[in-house]
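What follows is a short report on a single structure.
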Amino acid sequence: MRVGPVIPVVAIDDLAQAVPLASALIAGSVRVLEITLRTPVALAAIRAIAEAVPEVIVGAGTLTRPEDFIEARNAGARFGVSPGLTPALIEATRKSGLPLLPGVMTPSEVIAARLAGFRELKLFPAQQAGGVGMLQALAGPFPDVTFCPTGGISAETAPAFLALPNVACVGGSWLAPKAALAAGDWDAITELARWASGLDSR
Ligand code: 3PG
């Protein structure tokens, strides 16, 4: 969460996109990347990036089953991201040793995550959960929690999230648009990455 102001969230449809994407992000000074386990080639994409572009910190997203953790770690993922948190996922992150950025959406979920030892949380889906106002409201009762809001954030709205004291970074798919991926427009992704990596965060 402290590597840069933005974590790109990407679903890879074609394995051939993986390494050029990671290289394009690095060229724009984005050094962290989340590949979601939502496509058949996701684990292979993580493996390819971990091997070919080791300067990128590649993580696995959409971890929803305990077995996802071992598979992601074995593919070379350095961290995991989940849309929510359950006792089974807490056990899986401990057993696998794969660090987890867990998703929360309500105060009760923040309380449960803190009791399990997490202080860095993903607010998901951030915009739909109340966006900037929700994060400002959560700062009062949870002053020791830092968020990576993700979901429904855009290039236009990212700066307002990053200006909040309890936000370290934001996540989102807007940094690697599907159309640019499909067209192999790596220059466009590098340009977006360069802009995003220069955003101020607290
Ligand atoms: C997702 O669930 O795909 C991520 O949270 C990214 O959401 P976004 O596409 O709204 O940025």
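It should be emphasised that the depicted structure is a prediction, and the values quoted were computed from it without experimental measurement. Counting starts at 1 for both ligands and their atoms, in listed order.
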Quick check: are there more than 12 heavy atoms from other residues, nucleotides or ligands sitting under 6.0 Å from CD of E191? no

Sub-4.0 Å heavy-atom contact, G151 with ligand 1: yes

Ignoring angles and geometry beyond distance, decide whether G152 reaches within less than 3.5 Å of ligand 1 through its nitrogen or oxygen atoms. yes

May I ask you to list the atoms of ligand 1 that are less than 4.0 angstrom from any heavy atom of F124? 2 (O), 5 (O)

Just by distance, no angles: are the side chains of R73 and S96 close enough, under 3.5 Å, to form a donor-acceptor pair? no

Should the heavy atoms of other residues, nucleotides or ligands under 6.0 Å from CZ of R114 be counted, would the total exceed 12? yes

Between L101 and M1, is there a side-chain heavy-atom distance shorter than 4.5 Å? yes

Ligand 1 contact by R38, heavy-atom criterion under 4.0 angstrom: yes

Give the cluster check for V56 versus L37: same hydrophobic cluster or not, with ILVMFWY residues linked at side-chain heavy-atom distances below 4.5 Å. yes

Quick note on ligand 1: atoms under 4.0 Å from a heavy atom of G172 include exactly 11 (O)

So, is S173 polar-close to ligand 1, with some N/O to N/O distance under 3.5 Å? yes

